[in-house]
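To start, the structure under review is shown below, and the notes come after it.
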Amino acid sequence: MTAVDLSTGRVFVAGHRGLVGSAIVRRLQRAGISNLLTATRAELDLRDQAAVNQFFRLQRPDFVFLVAGTVGGILANSTRPAEFIYDNLMIHATVVHAAHLYGVRKLLYLGSSCIYPRECAQPIREEYLLSGPLEPTNEPYAVAKIAGIRLCQAYRRQYGCNFISAMPTNLYGPGDNFDPASGHVLPALIHKFYQARLHREKSVVVWGTGTPRREFLFVDDLADACVFLMENYDEAEHINVGTGKDISILALAELVRDAVYPEGLIELDPSMPDGMPRKLLDVSRLHRLGWRHSVELPEGIARTVRWYLDHVAPRQ
Ligand code: GDP
């Protein structure tokens, strides 16, 4: 294995304004990596191959964190399937192709744990990919994410590119999308409990039965894992990134309630979709490499609530 030193080249973070991209930028800046390349959506449409080629031709990145994409929670995934499959397929393809054309030394592609079959054995091992039907609520997104893994592997096999893939579990943290309609469960619940407290409402509606189980990773831990993998992982096979612990949605709602509005009541709405019954990653490969998360869920929630109160709440 060849250890990579990110300070020896130019590092492009594709998607630097998003939850993950902004955390990777923070992590790299903390490590004193100053040769960062970024482009806003207005400056560069990552779905446009010609524009992406032009960017790579002019900027010549050596290392690429491919963490851009159209993302959202269970409702956004079910109501905007075309955007989720088109945007993500295109973004993965253009960036991977340009990285090959312009001689990028290493690329890390970030997928998602929704790539795994709905009825997977738990915890989910990397080799369960494509072993059964996908969860319907996010299938278009998952298909695009699976295509991203296969893209990286195909470019590795045909052209010898050092492109690797990491599959994170559900993420949360500063910079998340707190919109209750399009966001994921954790930021949506922070927003809903805050609004209920503000407007002196008795209860908050939590979608579904409360029984699905999810694993949550604080985004700064994910950013640390991405840098660790960029530096230390060189295999064709994708690798899971998570904490190895999961929690029911009802128990998560109670944690968020206690952090934001302890007097609030929880009202379940079983007419809303549950999605995958359980999504717990087997992270033993990552642990064997020597990486572990450091922020536990209650602390991560407290840090995310603080960020929400400073950045989002004042605009309400
Ligand atoms: P998923 O992991 O792809 O299913 O993404 P989500 O984070 O959107 O949803 C996780 C689980 O939380 C699902 O079972 C949802 O039904 C449940 N959930 C409960 N309340 C909410 C909410 O207010 N917003 C979202 N997005 N999910 C919620």
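Order of listing sets the numbers, starting from 1, for every ligand and every atom in it. Treat the numbers as computed from the prediction; the structure is a model and nothing was measured.
Alongside Tyr86, the hydrophobic cluster contains Met90 (criterion: ILVMFWY side chains under 4.5 Å).
Between Tyr141 and Phe84, the ring planes are perpendicular. Angles over 60° get that label, and only those under 30° would be called parallel. The aromatic rings of Tyr172 and Phe216 sit perpendicular to each other, their planes meeting at more than 60°, with 30° as the lower class boundary.
The backbone N or O of Gly275 lies less than 3.5 Å from a partner atom in the side chain of Arg118, making a donor-acceptor pair.
The minimum heavy-atom distance between Leu19 and Val219, with the atom names listed, is O-CG2, 3.5 Å.
A distance limit of 4.0 angstrom between heavy atoms and ligand 1 selects the residues Gly73, Ile74, Asn138, Asn170, Gly183, His184, Val185, Ala188, Lys192, Val206, Trp207, Pro212, Arg214, Ile249, Pro273, Asp274, Lys279.
Evaluated for a side chain to side chain donor-acceptor pair (under 3.5 Å) with Asp246, the options Arg214, Arg213, Lys279 yield exactly one hit, Arg213.
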